4 protein chains.
Amino acid sequence: MTQTPRDPNFEQRVRASFERQAAMATFGASLACVVPGEVVIELPFRPELTQQHGFLHAGIVTSLMDSACGYATLSLMDPGAAVLSVEFKVNLLAPARGSRFSASGRVVRAGRTLTVVAGEFRVLEAAGEAQMAATPDATGALVAIMTGTMMAVRDRSGVVD
Amino acid sequence: MTQTPRDPNFEQRVRASFERQAAMATFGASLACVVPGEVVIELPFRPELTQQHGFLHAGIVTSLMDSACGYATLSLMDPGAAVLSVEFKVNLLAPARGSRFSASGRVVRAGRTLTVVAGEFRVLEAAGEAQMAATPDATGALVAIMTGTMMAVRDRSGVVD
Amino acid sequence: MTQTPRDPNFEQRVRASFERQAAMATFGASLACVVPGEVVIELPFRPELTQQHGFLHAGIVTSLMDSACGYATLSLMDPGAAVLSVEFKVNLLAPARGSRFSASGRVVRAGRTLTVVAGEFRVLEAAGEAQMAATPDATGALVAIMTGTMMAVRDRSGVVD
Amino acid sequence: MTQTPRDPNFEQRVRASFERQAAMATFGASLACVVPGEVVIELPFRPELTQQHGFLHAGIVTSLMDSACGYATLSLMDPGAAVLSVEFKVNLLAPARGSRFSASGRVVRAGRTLTVVAGEFRVLEAAGEAQMAATPDATGALVAIMTGTMMAVRDRSGVVD
């Protein structure tokens with residue numbers, strides 16, 4: 001469900017902002033797909049991001065869905081608007097076990113101030129296998145889902161994109 | 001509201017499990033306080049954990065509250081039970097700006113299988129200042145709150161504490 | 001995405017349980033559709049169910065999605081299991097304005113104890129118009145979405161279906 | 001934690017708006033307490049508001065917490081601002097069994113546009129007993145908790161208080 005961007009440079013803005021998210025670089029995450037209203041981020045497994053049982057920490061899973069949802073929102077924003085997370089809720093469906101993961105974020109309803117978003121976190125490659133391509137409709141094992149609210153901020157000093 | 005632990009070794013179990021959470025070490029987080037039903041984790045600010053505006057990433061904020069809530073739950077568990085996160089919801093109240101933060105997790109209602117938890121994430125020291133001590137009742141600026149559900153898992157291979 | 005029921009009498013169990021939900025009768029709600037893993041409930045507008053601006057109260061919207069999600073879960077349960085709501089989160093996207101509404105609930109992931117569900121609440125008929133049929137894929141205006149967790153309860157006295 | 005109202009007529013506005021919530025009258029709910037930033041609503045048990053096991057329906061529980069949280073928000077609003085629910089999450093801790101219940105809503109953080117709220121739903125009187133008074137600090141059995149976000153709306157036709 002591609003939506004209409006209000007800024008023709010939406011992809012460039014999203015990619016430039018993602019580059020400034022130091023946490024994404026620390027995790028080893030990369031931006032796989034940016035279309036209006038939907039963004040996919042990929043992450044290879046790293047043992048230094050795990051919880052005590054060796055799975056990816058739920059907070060890492062959340063970080064990626066939050067960024068994907070935030071950038072899905074930004075992709076539909078007018079120039080000059082920045083996006084902040086208001087709230088999100090995550091349901092964890094299965095342990096994050098695998099060698100590569102994808103986090104997608106998609107706009108459910110865009111508003112001038114508030115945007116409702118939905119995220120999914122999936123196993124892209126099981127440990128030792130190459131299973132499927134990284135597209136928004138990837139059908140790998142579902143690890144977690146998110147629903148959240150993003151807020152557009154305008155004219156706030158130091159807060160852009 | 002201290003609660004009664006079912007395992008006298010609760011603190012040792014929590015501390016040993018925390019040591020195995022590689023993500024916590026990667027973030028630079030440390031366990032500040034473990035009492036039955038409540039756990040506090042501290043985190044110094046690190047630029048490599050930020051989002052695009054230079055604040056701590058909401059997923060990092062979530063990671064710490066999730067771990068604190070999980071360990072608050074584990075502190076009340078019988079020996080042999082492990083704890084997994086079922087779901088959580090986070091409301092972000094203010095940007096995570098500061099030089100030191102605390103994440104607390106507390107058991108609202110403990111059940112044999114499901115436990116309801118509440119978390120708070122606060123600024124412990126503003127940038128450049130030493131403001132207050134790291135105790136469960138710290139009254140620094142509130143950055144985020146969490147409510148969630150934790151599940152006890154028993155007799156699952158490879159999943160302990 | 002039809003799923004496989006574990007009880008061939010699933011529809012009869014859902015319908016009999018729905019009949020015992022006095023709140024649904026009080027609201028004037030009816031069961032429109034029961035398939036394995038998905039249930040749709042319909043509600044005509046009633047002024048006695050509104051909030052102060054004349055829209056359907058958010059709690060009524062929630063009630064219907066909660067029942068739809070609970071019965072979607074029950075439709076996949078083995079005989080003897082009852083279903084209780086553990087938690088749900090609702091995002092309100094638009095005022096519940098219209099003459100007829102539908103609430104759908106669908107199982108995202110079924111487990112033996114916990115099931116993750118998703119609900120939608122839509123306008124089925126605008127005030128004064130007949131817009132669309134009551135099917136799970138109805139495409140009317142989206143009023144609210146829910147994600148939640150349901151729990152199977154077995155062998156608890158007085159709690160069935 | 002009493003907060004400072006921006007409208008000296010806050011209680012009158014809350015009470016007048018509550019009177020217009022037809023759903024509250026339908027449920028038999030009444031406004032027990034209005035202080036700046038906190039509101040308590042009471043509800044006697046009614047069999048016509050139950051789910052299939054004879055407990056109060058989770059959606060009724062939610063309705064009351066949502067109204068209490070909304071009015072807690074309104075109690076701090078400037079004249080002319082109306083309040084709409086953006087989202088809420090409910091954790092159900094125990095069946096709503098009793099002869100009288102209280103739902104409290106309290107402002108966690110008030111903003112010009114968005115306000116974060118917390119709600120509690122408690123048994124005020126067990127079946128057949130008079131247990132405790134209806135005050136914001138009631139200590140009866142906790143049935144459910146809510147966290148949510150409310151939005152102030154200004155200058156929207158037909159949407160006041």
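Just so we're clear, the structure is a prediction, and the values are computed from it rather than from any experiment. Letters A, B, ... are given to chains in the order of the sequence lines, protein chains preceding strands, and every chain is numbered from 1.
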Check: Among A:A58, A:A25, A:P47, A:G54, who wins on heavy-atom pairs under 4.5 Å with chain B?
Finding: A:A58

Item checked: Atom group of B:V86 that falls short of 4.5 Å from chain A, counting heavy atoms -> backbone

Check: Has B:N9 got more than 12 heavy atoms of other residues, nucleotides or ligands less than 6.0 Å from its CG?
Finding: yes

Item checked: Pairwise side-chain contact, A:N91 with B:F88, heavy-atom cut-off 4.5 Å (strictly under) -> no

Next item on the list: Side chain from CB out, backbone as N, CA, C, O: work out which of these in A:F18 comes under 4.5 Å of a heavy atom of chain B, or both, or neither.
Entry: neither

Margin query: Exactly one of B:Q51, B:H57, B:Q52 should register a side-chain contact (heavy atoms from CB on, under 4.5 Å) with A:M24. Which one does?
Written below: B:H57

Checklist line | Heavy-atom closest contact (A:S63 atom, B:I60 atom, distance) | finding: OG-N, 3.9 Å

Notebook entry, point to check: Of the backbone (N, CA, C, O) and the side chain (C-beta and beyond), which part of A:A82 lies under 4.5 Å from a heavy atom of chain B, both, or neither?
Noted result: side chain

Item checked: Contacting region of A:V159 [heavy-atom separation from chain B under 4.5 Å] -> both

Checklist line | Among A:R46, A:E48, A:Q21, A:E19, residue most engaged with chain B (heavy-atom pairs, under 4.5 Å) | finding: A:Q21

Check: Say you draw a straight line from CG of B:D66 to CG of A:L92; how long is it, rounded to the nearest 0.5 Å?
Finding: 7.5 Å

Next item on the list: Select one option (side chain, backbone, both, neither) describing which atoms of A:V83 are under 4.5 Å from chain B's heavy atoms.
Entry: backbone

Check: Which atoms of A:V160 come close to chain B, meaning under 4.5 Å heavy atom to heavy atom: side chain ones, backbone ones, both, or neither?
Finding: backbone

Margin query: Which one wins on heavy-atom pair count under 4.5 Å against chain B: A:G70, A:A22, A:G148?
Written below: A:A22

Margin query: For the interface with chain B, which of A:L56, A:T50, A:T62 has the highest count of heavy-atom pairs at distances below 4.5 Å?
Written below: A:T50

Next item on the list: Would you mind reporting whether B:L84 and A:H53 have side-chain heavy atoms less than 4.5 Å apart?
Entry: yes

Margin query: With chain A as the partner, which of B:A144, B:A23, B:S17, B:A16 has the greatest number of non-hydrogen pairs under 4.5 Å?
Written below: B:A23

Item checked: Under 3.5 Å donor-acceptor, A:T26 side chain and B:L49 backbone -> no

